[in-house]
Asks: 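Have a look at this one before I ask anything.
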Amino acid sequence: MYQSTRDSGVSVSSAQAITQGISADGGLFVPESLPQLTLEELKGMLGLSYVERAKAVLSKYLTDFTEEELDACVSGAYASGKFDDKSVAPLAQVGPGVYMLELWHGPTCAFKDMALQLLPFLLTTASKKTVGDKTIVILVATSGDTGKAALEGFKDVAGTKILVFYPQDGVSPMQKLQMTTQEGGNVGVCAIQGNFDDAQTGVKAIFTDEGVTKKLGEHGMLFSSANSINWGRLVPQIVYYISAYCDLVKEGKVPLGDPVNVTVPTGNFGNILAAYYAKRMGLPVKKLICASNSNNVLTDFLKTGVYDRNRPFYTTISPSMDILISSNLERLLYDLSGRDDGKIRGYMQSLKETGRYEVDEEMKEKLSALFCAGFCDDAATKETIGEAFRARGYLCDTHTAVALHVYEQYVAGTGDKTPTLIASTASPFKFSSSVLDAVAKEDVSQLDEFAKVAELSKCAKVDAPAALASLKDKPVRFTDVCTKDSMEQVVLSMLGIN
């Protein structure tokens, strides 16, 4: 069963949690207790495929799904040729004891595919159990990658509609093209004048607006979410950390039971939270290293215990991390507070009213024991991309480079050479302009987006993903731009509700 972070008295099944997306009180759903994973179980997973490992892990969380239902969901997501690597999430060694966990081999070339290829199967299965034949309206705020991955995952899925809002000037040209050219009869896309936090705040407000919910109900619809506030989006992410550890053990890189560190570039805190949950289940993880760009609100919080969004917002070359309100942090605080819903309500109210909160000393100590944090600016990001390419022969995107830079800072500061997984979150070709700036020997600023993709492919001697190259000839379908105050009307209009 699942509780709300803002009301521990709420108790719903995993199917209900996934269908709703967010609790009516504004809280996020979390399992009442975290299932455990023994070393013997890990040993048993060594010889399994990614699909089989996913079923084993998910069965511990989604206990109201039958074995047949889980099999259909997981096989539909990962075993259907949607990923261009048969291992789904392969490892690439980039140094002694340092491994890139490549999470971008899915159809939209970003780590969000790992969850958003599975979520439509989970959600449609869950909704049949809970709401019957109502149409599920997926409402998404995106800082770039979630939007396209959700659109692709839910494209023409029966019984669903999906509406995506993205910051007009806060995504890469390739990310924008991916969304605005999206095919499908049940999809809608709109830019917003503002940043990701404005889009996310607007989406949350619409979710919890009783008047809007009532209007949808009158038309046989109800909201759900594809953002990582939805447990069905977050739980698949736990799988790939466990699977990666199994791969390291299987390949003789790490003895079973020995710890690894995990480094994650994150803005909304979902991807590193999944690693935390894997650790809480029993995965041998020593340190969780949180990597931020210039929007370093998480770095400051993990070092000081003070969360303060009252700071400049930077539009960077790692746009998926351009976030100052990290929604999933609420789940971590709930767990570390001993599930004190009153304390969490207080923190979230303070964040809403003042833009800041400070946790108590006991929680600061827990955070310090679990996490290290660092950040880097755009110049350091490009420098890291160039150095990784020249010295290691590895081409990484602008988000993965942030993680690599912060990991190197961590090692320099601590001397800790524990084997480390670095979450590599996107194909470098999604951010070809910035990556090319870092590795090209000549000025390429005058080239258009697809000429840059071709040049990067030539420079790196790597083929660009077909899913990105094919965008060149796709017509743009969505050109609307709205203000954050008009998002509700846009939603109703897209749904054909007056």
Side-chain angles (χ1 to χ4, degrees), residues 26 28 141-146 165-172 192-205 227-229 263-273 288-333 336 344 346-361 363-364 367-368 371-382 384 398-399 401-403 405-406 409-410 413 425 434 483-485:
L28 307 185
T142 185
S143 54
D145 288 333
T146 291
F165 291 93
Y166 70 92
Q168 185 178 13
D169 299 314
V171 299
S172 78
I192 178 176
Q193 295 171 3
N195 57 41
F196 169 74
D197 289 328
D198 294 321
Q200 180 170 248
T201 300
V203 163
K204 278 190 169 182
N227 286 89
S228 55
I229 57 174
T263 305
V264 185
T266 187
N268 216 15
F269 206 74
N271 204 6
I272 197 166
L273 179 67
L288 295 159
I289 303 165
C290 181
S292 301
N293 61 17
S294 295
N295 295 295
N296 59 339
V297 64
L298 283 170
T299 306
D300 288 347
F301 172 71
L302 291 171
K303 288 182 174 181
T304 68
V306 176
Y307 194 97
D308 191 348
R309 63 158 300 197
N310 301 307
R311 61 181 65 212
F313 179 90
Y314 297 102
T315 300
T316 74
I317 61 171
S318 45
S320 296
M321 299 160 65
D322 291 348
I323 296 170
L324 292 179
I325 301 177
S326 304
S327 289
N328 272 293
L329 194 56
E330 183 171 339
R331 283 185 166 115
L332 176 71
L333 299 180
L336 295 184
I344 303 308
Y347 290 153
M348 295 305 111
Q349 190 63 28
S350 179
L351 181 64
K352 182 178 180 181
E353 293 175 355
T354 70
R356 74 186 300 278
Y357 59 84
E358 181 172 2
V359 300
D360 57 36
E361 290 302 320
M363 195 176 293
K364 288 178 187 178
L367 289 168
S368 180
F371 294 90
C372 276
F375 74 98
C376 75
D377 60 17
D378 282 355
T381 301
K382 287 186 179 181
T384 302
T398 51
H399 303 77
V402 168
H405 179 86
V406 170
Q409 283 182 323
Y410 169 79
T425 55
S434 298
T483 65
K484 59 182 180 181
D485 295 328

Asks: Any side-chain to backbone donor/acceptor pair from Y307 onto S326? Under 3.5 Å, distance only.
Replies: yes
Asks: Please step through side chain to side chain contact (heavy atoms under 4.5 Å, CB included) for the pair V359 and F301, ending with a clear verdict.
Replies: CA-CA 9 Å; V359 300; F301 172 71; 3.9 Å; yes
Asks: Kindly give the heavy-atom pair with the smallest separation between P167 and G194, and that separation in Å.
Replies: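 The answer is CB-O, 3.3 Å.
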Asks: Can you see which heavy atom on A291 is nearest to which on A403, and at what distance?
Replies: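 For A291 versus A403, the nearest heavy atoms are CB-CA, 3.7 Å.
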Asks: Testing T381, D378, N293 for side-chain hydrogen bond (donor to acceptor under 3.5 Å, both in side chains) with S318, which one passes?
Replies: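 Answer after filtering T381, D378, N293: N293.
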Asks: Quick one: which of T146, N295, I323 gives a side-chain contact (heavy atoms from CB on, under 4.5 Å) with F196?
Replies: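 So, applying the side-chain contact (heavy atoms from CB on, under 4.5 Å) to F196 and each of T146, N295, I323, only I323 qualifies.
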Asks: List the steps and the verdict of side chain to side chain contact (heavy atoms under 4.5 Å, CB included) for L329 and L298.
Replies: CA-CA 9 Å; L329 194 56; L298 283 170; 4.2 Å; yes
Asks: Would you kindly say whether D322 and T316 are connected by a side-chain donor-acceptor distance under 3.5 Å?
Replies: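 Checked: D322/T316 side chains pair up, N/O donor to acceptor below 3.5 Å.
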Asks: Who are the ring-ring contact (aromatic ring centres under 6.0 Å, His included) partners of Y166, not counting sequence neighbours?
Replies: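 Expected list: none.
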Asks: Distance check, rounded to the nearest 0.5 Å: M363 atom CE versus E358 atom CD?
Replies: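 Taking CE in M363 and CD in E358, the distance rounds to 12.0 Å.
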Asks: Sub-3.5 Å donor-acceptor pair from the side chain of R331 to the main-chain atoms of I229, do we have one?
Replies: yes
Asks: Return yes if some donor-acceptor pair links the side-chain N/O of T398 with the main-chain N/O of I317 below 3.5 Å, else return no.
Replies: yes
Asks: What distance separates I325 CD1 from L351 CG, expressed to the nearest 0.5 Å?
Replies: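 Interatomic distance, I325 CD1 to L351 CG, rounded to 0.5 Å: 5.5 Å.
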Asks: Any side-chain heavy atom of T384 sitting closer than 4.5 Å to one from C376?
Replies: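 T384 does not reach C376 side chain to side chain.
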Asks: Under the side chain to side chain contact (heavy atoms under 4.5 Å, CB included) rule, what do T315 and D169 come out as? Steps first, then yes or no, please.
Replies: CA-CA 8 Å; T315 300; D169 299 314; 5.9 Å; no
Asks: For F375 and T299, work out which heavy atoms get closest and say how close.
Replies: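 In this case the closest contact between F375 and T299 is CB-OG1, 3.8 Å.
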Asks: Please find the pair of heavy atoms, one from S228 and one from G270, that lie closest to each other, and give the distance.
Replies: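 Minimum heavy-atom contact is OG-CA, 4.4 Å.
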Asks: Under the ring-ring contact (aromatic ring centres under 6.0 Å, His included) rule, collect the residues that match up with F269, sequence neighbours excluded.
Replies: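 Expected list: F371.
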Asks: With rounding to the nearest 0.5 angstrom, report the CD1 to CG distance, I344 to L333.
Replies: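 Between atom CD1 of I344 and atom CG of L333 there are 5.0 Å.
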Asks: Looking at side-chain heavy atoms only, is the closest gap between V297 and S292 below 4.5 Å?
Replies: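 Of all side-chain heavy-atom pairs linking S292 with V297, none is under 4.5 Å.
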Asks: For the side chain of S350 and the backbone of G346, is there at least one donor-acceptor N/O pair under 3.5 Å apart?
Replies: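 Side chain of S350 to backbone of G346, a donor-acceptor pair under 3.5 Å: no, none is there.
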Asks: Return yes if some donor-acceptor pair links the side-chain N/O of S368 with the main-chain N/O of K364 below 3.5 Å, else return no.
Replies: no
Asks: So do T201 and K484 actually touch side chain to side chain, heavy atoms under 4.5 Å?
Replies: no
Asks: Please report the interatomic distance CD1(I192) to OG1(T142), rounded to the nearest 0.5 Å.
Replies: 12.0 Å
Asks: Where is the tightest heavy-atom contact between T266 and C290, given as atom of each residue plus distance?
Replies: CG2-SG, 3.6 Å
Asks: Counting only heavy atoms not in F313 (residues, nucleotides, ligands), do more than 12 fall under 6.0 Å from its CZ?
Replies: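 Check passes, neighbour count above 12.
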Asks: Could you go through M348 and Y357, starting from their C-alpha distance and side-chain angles, then the distance that decides it, and tell me whether this counts as side chain to side chain contact (heavy atoms under 4.5 Å, CB included)?
Replies: CA-CA 8 Å; M348 295 305 111; Y357 59 84; 4.0 Å; yes
Asks: For T263, give me all partners under side-chain hydrogen bond (donor to acceptor under 3.5 Å, both in side chains), at least two apart in sequence or on another chain.
Replies: none
Asks: Between CG of N195 and CD of Q200, what distance do you get to the nearest 0.5 Å?
Replies: 10.0 Å
Asks: Once you round to the nearest 0.5 Å, how far does CG of D377 lie from NE2 of H405?
Replies: 7.5 Å
Asks: What closest approach, in Å, do K382 and S434 show between heavy atoms, and which atom pair accounts for it?
Replies: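 Reported closest heavy-atom pair: CE-O, 4.1 Å.
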